[in-house]
Structure formats: structure tokens, C-alpha cells
Amino acid sequence: MTDWSRLSHAYGSAEDIPALLARVAAGPEPELWNDLWSALCHQGSVYPASFAALPRLAHMAGDEDRVRAVNALNLAGAIMAGAGQPHGAGDVRTRYAPEIASLLASVNRHLRTATDRTEYIDLLESMLGFEGIVGWSEELAWGLGNEEYEIPCPGCETDLFVVVGERGFFCTAEDYALSDDSVEARPLRPTRPADLEGLGRRLHDIALADGHHDVAHALTFVFGSATCPDCETDFSVADRITSPL
């Protein structure tokens, strides 16, 4: 049995977590999930109570209620994305190996049946969290979901928008979303699917197999290259996304 009173979360003692977990398992109220996220994965930070919640989240991830299962998978994925942080919970990947394996099986099952683009991208990121893929388990969904990444140029350090979606596929230093005029931009250069390697190839192939062709297409640009419009430096988009600032 877990002694929650000896564990902590973002706001102090984790004594309230069992009741909160029971409430989200029993009802669909979105605000309860918000409360759970805020306590266990506050702005990406994790705590001893975060990992202690994994068995309950793994159980909910196998729920027939898809909304509850996906919520549990996304929270658990975000928690595991923070496994490398100083959190005082020890070797969580060894301690919770059965739960992580169960979560990974659940996320793969739900990926195959996801029809909503945002849900699909979030589940892809959760999968990477369970697999321990550093960097992408925290960065994939934010950029693909919002169809842009904000990254510094490796040459002049100008803050750049790398746009990958309905607005096009380009790199600019200007706030294109608030501009009524055309902005100075450089088109992104995608990697041909046949030339993708490593994680880029794997994610592209998974998205194609699951029928998310728009996501697969966007990934060829995420794992492609760009040119800074200010200093003309060429760079790998993926390398800049996962490079520490």
C-alpha cells in the first residue's frame, strides 16, 4: 500500500491524490483531470507522487471509456517524459516497469484507432514518454499540434517560427500570425520519406500505417532542414527542436 502522506506533489502533501484519482476514475469531469495534472505534472515538473500514481493511471488506460483512457495515457506519458528530472523517486523505470509496459501497450492500441489529429499527436508523444525518448517526449505534440515550433537560430540566435501546417511550411523571424502583410520567410526543405532515418522514419511510418497522412507529411518537414531569413544559416529543424537552450 502506498503511504500518500509521505509523498509530495506540486502543492505539498499528496494525501489528496487517492481521492482525486478515484473521482477521475468514476466521472468524466475535465476539471478533475486539470487538477490532477496541476498536482502531478505542474508545467512539466514531476514529483514522487507523480510516479506513485502510475499504477492507477495504467489501470485507467485500459478502461473501455476512451476519453478516460486517453486522459490517463497523456498524463502518464507526460510524467514519464520527466523521469530524468531530479524528483526523489529513485529509478522509476525499473520500479514501475510492469506499469510502463502496460501503458505502452495501451497507447499503441489507442493510436491505431485514433481519428482526431490532436488526440493522435498527443498519443504519439505519450508513446515516446513510455519509451524514454528524451526530448521528443516533451516537444513533439506542442509543435505538431500548434503547427509551429519556436526555436533559436544556431547562427545568429534570432528567435524563429518554424511553421508546419495549414499556413504552409516555412521559417520566419516575424510574427506571421499577427501580421496582415506578407512576412520575410524561407521555405522549409523536407526530407524525402525514403531518406528519413531513425526516429523520423519510425514516426513517419507509424503515422502512415495509422492513416494520418497529414501528420506523416508534416514530419518530413520536422525532420527536414530550414534556413534562417536573417543570417541565411542552414540548420536541421529536428536538431534545433531537441537542443537544450
Could you go through F235 and L160, starting from their C-alpha distance and side-chain angles, then the distance that decides it, and tell me whether this counts as side-chain contact (heavy atoms from CB on, under 4.5 Å)? CA-CA 12 Å; F235 60 91; L160 301 173; 3.8 Å; yes

Begin from the C-alpha positions of L36 and I17 and carry the test side-chain contact (heavy atoms from CB on, under 4.5 Å) through to its verdict. CA-CA 8 Å; L36 200 58; I17 294 300; 4.3 Å; yes

Would M80 and I100 satisfy side-chain contact (heavy atoms from CB on, under 4.5 Å), going step by step from the backbone distance to the final call? CA-CA 9 Å; M80 290 312 303; I100 295 168; 3.5 Å; yes

Pair E150-R240, salt bridge (charged side-chain N to carboxylate O under 4.0 Å, His left out): steps then yes or no: CA-CA 10 Å; E150 294 183 44; R240 294 310 294 165; over 6 Å; no

Test side-chain contact (heavy atoms from CB on, under 4.5 Å) on S106 and L73; report intermediate values, then the result. CA-CA 8 Å; S106 294; L73 286 166; 3.9 Å; yes

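Side-chain contact, S13 with R6: no donor N or O sits under 3.5 Å from an acceptor N or O. Defined by atom type and a distance below 3.5 Å, a donor-acceptor pair is missing between the side-chain atoms of T172 and R186. In this model, no donor atom of one side chain and acceptor atom of the other lie less than 3.5 Å apart for S45 and Q43.
The SG atom of C171 sits 13.0 Å away from the CZ atom of F221 when rounded to the nearest 0.5 Å. Here the OG atom belonging to S5 is positioned 11.5 Å from the CG atom belonging to D16, to the nearest 0.5 angstrom. Here L128 contributes atom CG and L199 contributes atom CG; the two are 6.0 Å apart, rounded to the nearest 0.5 Å. With values rounded to the nearest 0.5 angstrom, C231 atom SG is found 10.0 Å from E157 atom CD. Put simply, CH2 on W37 and CG on N71 are 9.0 Å apart, with the number rounded to the nearest 0.5 Å. Residue I121 holds its CD1 atom at 7.0 Å from CG of D214, rounded to the nearest 0.5 Å.
Using a 4.5 Å cut-off on side-chain heavy atoms (C-beta onward), P48 and S8 make contact. With contacts defined as side-chain heavy-atom distances shorter than 4.5 Å, the pair P152/T158 does not qualify. At a threshold of 4.5 Å between non-hydrogen side-chain atoms, the residues T233 and P154 count as touching. Side-chain contact between E184 and E174 is present, with at least one heavy-atom pair separated by less than 4.5 Å. Residues F169 and R189 have side chains not in contact (no heavy-atom distance under 4.5 Å, counting atoms from C-beta outward).
Side chain of D195 to main chain of T191: no donor-acceptor pair is present (N/O by atom type, distance under 3.5 Å, no hydrogens or angles). Checking side-chain atoms of S50 against main-chain N and O of L40 turns up a donor-acceptor pair under 3.5 Å. No donor-acceptor distance shorter than 3.5 angstrom exists from the side chain of N146 to the backbone of E148, with no hydrogens or angles considered. Remark: the backbone N or O of E166 is paired with a side-chain donor or acceptor of E147 at under 3.5 angstrom.
One hydrophobic cluster holds both V107 and I133 under the rule that ILVMFWY side chains link at heavy-atom gaps under 4.5 Å. There is a path of hydrophobic side-chain contacts, each under 4.5 Å, that joins Y96 to L7. In the hydrophobic cluster analysis, where Ile, Leu, Val, Met, Phe, Trp and Tyr join through side-chain heavy atoms closer than 4.5 angstrom, L208 is grouped apart from V215. Placement of Y47 and I79 in two distinct hydrophobic clusters is found when ILVMFWY residues are connected by side-chain heavy-atom separations under 4.5 Å, directly or transitively.
In this structure, R109 places its CZ atom where more than 12 heavy-atom neighbours from other residues, nucleotides or ligands lie under 6.0 Å away. More than 12 heavy-atom neighbours from other residues, nucleotides or ligands sit within 6.0 angstrom of CZ on R117. Shown here is E197, whose CD atom has no more than 12 heavy atoms of other residues, nucleotides or ligands within 6.0 Å. Annotation: R23, atom CZ; neighbour count of heavy atoms from other residues, nucleotides and ligands within 6.0 Å does not exceed 12. In H87, the NE2 atom is crowded: over 12 heavy atoms of neighbouring residues, nucleotides or ligands sit closer than 6.0 Å. The local environment of CH2 in W142 is sparse, with at most 12 non-hydrogen atoms from other residues, nucleotides or ligands closer than 6.0 Å. Within a 6.0 Å sphere centred on CD of Q85, heavy atoms belonging to other residues, nucleotides or ligands number more than 12.
P190 pairs in a side-chain contact (heavy atoms from CB on, under 4.5 Å) with only one of the listed residues (L196, L219, T220), which is T220.
Contact between H204 and P193 at its shortest, heavy atoms only, is CE1-CB, 3.6 Å. Smallest separation of non-hydrogen atoms from S137 and E125: O-CG, 3.1 Å. Closest non-hydrogen pair, M60 versus A72, comes out as CB-CB, 3.8 Å. Nearest heavy atom pair, residue C228 against residue C156, reads SG-SG, 3.8 Å. Among all heavy-atom pairs drawn from F223 and A238, the shortest one is CD2-CB, 3.8 Å. The shortest heavy-atom contact between H9 and A39 is CB-O, 3.1 Å.
Taking the six-membered ring for Trp and thresholds of 30 and 60 degrees, Y11 and H42 have ring planes more than 60 degrees apart, a perpendicular arrangement. In this pair, W136 and Y149 present their aromatic rings perpendicular. The plane angle is above 60°, beyond the 30 to 60° band. Using a 30° and 60° split on the angle between ring planes, F161 and Y176 fall in the perpendicular class, above 60°.
Between R56 and E99 there is no salt bridge, since no side-chain nitrogen of the basic residue lies less than 4.0 Å from a carboxylate oxygen of the acidic one. Ion pairing of D210 with R112 is absent here, as no side-chain N (NZ or NE/NH1/NH2) approaches a carboxylate O to less than 4.0 Å.
If you look at H110 and Y120, their ring centroids are not closer than 6.0 Å.
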